[in-house]
Amino acid sequence: MSAFVGKYADELIKTAKYIATPGKGILAADESTGTIGKRFSSINVENIESNRQALRELLFTSPGAFPCLSGVILFEETLYQKASDGKPFVDLLQENGVIPGIKVDKGVVDLAGTNGETTTQGLDSLGARCQEYYKAGARFAKWRAVLKIGATEPSELSIQENAKGLARYAIICQENGLVPIVEPEVLTDGSHDIKKCAAVTETVLAAVYKALNDHHVLLEGTLLKPNMVTPGSDSPKVAPEVIAEYTVTALRRTVPPAVPGIVFLSGGQSEEEATLNLNAMNKLDVLKPWTLTFSFGRALQQSTLKAWAGKTENVANAQATFLARCKANSEATLGKYTGDASGDSAASESLFVKGYKY
Amino acid sequence: MSCFTSKFADELITNAAYIGTPGKGILAADESTGTIGKRLSSINVENVESNRRALRELLFTTPGALPCLSGVILFEETLYQKSSNGKPFVDILKEEGVLPGIKVDKGTVELAGTNGETTTQGLDGLGERCKKYYEAGARFAKWRAVLKIGENEPSELAIHENAYGLARYAVICQENGLVPIVEPEILVDGSHDIHKCTAVTERVLAACYKALSDHHVLLEGTLLKPNMVTPGSESAKVAPEVIAEHTLRALQRTVPAAVPAIVFLSGGQSEEEATRNLNAMNKLKTKKPWSLSFSFGRALQQSTLKTWGGKEENVKKAQEAFLVRCKANSEATLGTYKGDAKLGEGAAESLHVKDYKY
């Protein structure tokens, strides 16, 4: 086979397909300790383990939220945490039809000789780590590669390094029973127009799929987590229908039909923007051989975080807020969102942070 | 856009989509003077222009055949020929809704340092030639790249040279209004099994689509003409359903949904085999975002040639034989072929010639 068919092949295909179930998507709750610290400080909450545990418990015990989710991406610490009644988070998720996933990359480092471009690290002993995560209950993984648009960016070096890193990570995951989410994020930062973003996204995705083929990755057992195609952050916004058209066109030109699902990142979009854009894509009347769903972090948690503010008495309210976003995005995967989710002002707030570092 | 913006973009997209119309396919009648000579000598017919013209007139005036065809690939000589009543072949085709196409490559040459691998030539002055062909009525083109399976073949050099030759040809065609048929033929010669053919086909197609992306080709305005995935010519045959399964899987893993249609070459398959395999593919319930049709040369003309034998008095019977194959393949594109086509003389005969040189 051109694709590596190891002992986990059937399971990988089944898991990837399940994650891509229409009506469901992924909650990206894999913020590293450093990153979650920034979120906490914005709501004046101390960055200690019990608070990190409390936040995730709030999310994972939100009544009615689970049916909207097929997976949750966790940070390593969370994979081994328990709810306050002693039940491991992993069991809580699995019992409710939500597959636990694990962030496995170790962040980005600069590529010398470039203009601030990066590559992602984390390949050392990745196989052994994946085996441990599988034992702990994880069934999919995530690795974030980052590219930027500039006068001479992304460079060929950056595209090649990030594509190959993703491919190597992907095959190692598959060798060890984890469905790899392939995430080549092209940052929104910049004053470029949507056409530029489309061109770069297509070039990057073409390189990614060539690399995956070179590394014998089984595409039916993977998921793609791309950016939506949008104008740069310093450029005028466009309608969701325009974003939908450019995004789906780019994907139709590059993502082989064997990939079961595409789970978009939200980047710096507000909760409402991300949902409206996803909805527009699913309404678009054009042939799409993969399902289109979400893998949102900030765009699912922003208003929930604000509503919680670290206080136990706010938990029920925060959970209702979280449920509203989950339902909205679930509807968006079916093209049925009517834009009437709780009109929280936080939902429309842009989550864009220039030069955002995870 | 990642693809370049051609003034012919809309026309290319319309024509490519039309060629992929379910129920229709392509007659490859582009045999060079040398190649048609071999065919004619096998039926004891002299290789002179009037005979070459007479054969093509026989095909193009077959009652009921043209509705089964969306295009005919022609050799340069034929593009400028007329029927016996003085009507240009190009007009006869166009009036019946059949797009004229033109073979533009100039054959293969060996790659030094390899074990008999080749690359295809024809890029010099290609733009000018395409312009002239467009003026003469052609609306699509074809370029055949050839790879072989062996101990160490296809080599990375052969894959790269052929993929990038195809990409360069494709974008030059699009600059000049011709839809490029991208044909990376992997020869069936050899004793390898179907899994080997699958692996090589996936690798070659992945390289092709990377090259097309690098060269800014508009995928919506192209067609793919691949080999079906089969065991080697010296290996045991398998059922059409098996060929269909392996072929579809390889295509799902490599061909973006933006490509409107895949028009298979028949290689050395008999007329009946080629039709049954195409039929099985269209019956298979699996993801197929492109239409699946034919671009057959030998597999449409073999029994017709034998029946004609170069004799005027045989024209009517030869045309009936041709119509039988056209209808059978038209049904195969719809998955409705029942295998009951009246087999003409030689319809079940393998057309494989070891190490076939066009």
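Here is the naming used below: chain letters follow the sequence lines, and residue numbers restart at 1 for every chain. Here the structure is a predicted model, which means the values were calculated and not measured.
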Original post:
Side chain, backbone, both or neither: which part of A:Ala250 has a heavy atom under 4.5 Å from chain B?
Top reply: neither

Original post:
Counting only heavy atoms not in A:Lys225, do more than 12 fall under 6.0 Å of its NZ?
Top reply: yes

Original post:
Applying a criterion of heavy atom separation less than 4.5 Å, what residues of residues 230-242 of chain B form contacts with chain A?
Top reply: none

Subject >> Flag if over 12 foreign heavy atoms under 6.0 Å of NZ, A:Lys14 >> reply: no

**OP:** Tell me, yes or no, whether the heavy-atom count around B:Lys288 atom NZ, taken from other residues, nucleotides or ligands under 6.0 Å, exceeds 12.
**Re:** yes

**OP:** Could you grab the distance from atom NZ of B:Lys210 to atom CG of A:Asp214, nearest 0.5 Å is fine?
**Re:** 9.5 Å

**OP:** With rounding to the nearest 0.5 Å, note down the distance linking CZ in B:Arg249 to CD in A:Glu220.
**Re:** 7.5 Å

Subject >> CG-OG1 distance between B:Asp214 and A:Thr203, expressed to the nearest 0.5 angstrom >> reply: 8.0 Å

**OP:** Determine which residues belonging to residues 165-175 of chain A lie within contact range of chain B, meaning some heavy atom pair is under 4.5 Å apart, and list them by number or answer 'none'.
**Re:** none

Subject >> Value rounded to 0.5 Å, distance of OH in B:Tyr209 from CG in A:Asn213 >> reply: 13.5 Å

**OP:** Against chain B, label A:Val259 side chain, backbone, both or neither, depending on which of its atoms sit under 4.5 Å from a heavy atom there.
**Re:** backbone

Original post:
A:Tyr209: what forms a ring-ring contact (aromatic ring centres under 6.0 Å, His included) with it, not counting sequence neighbours?
Top reply: none

Subject >> chain A contact via B:Ala207 - side chain, backbone, both or neither, heavy atoms under 4.5 Å >> reply: both

Original post:
What are the two closest heavy atoms between A:Pro257 and B:Lys287, and how far apart are they?
Top reply: O-NZ, 2.7 Å

**OP:** Can you measure from CG (B:Leu218) to CZ (A:Arg253) and round to the nearest 0.5 angstrom?
**Re:** 5.5 Å

Original post:
Below 4.5 Å, heavy atoms only, C-beta onward: do A:Thr254 and B:Pro256 meet side chain to side chain?
Top reply: no

**OP:** List in chain and number order the residues that pass ring-ring contact (aromatic ring centres under 6.0 Å, His included) with B:Tyr164, two or more places apart in sequence or in another chain; answer none if no residue qualifies.
**Re:** B:His160, B:His215

Subject >> Distance in Å, A:His216 NE2 paired with B:Glu202 CD, rounded so as to fall on 0.5 Å steps >> reply: 10.5 Å

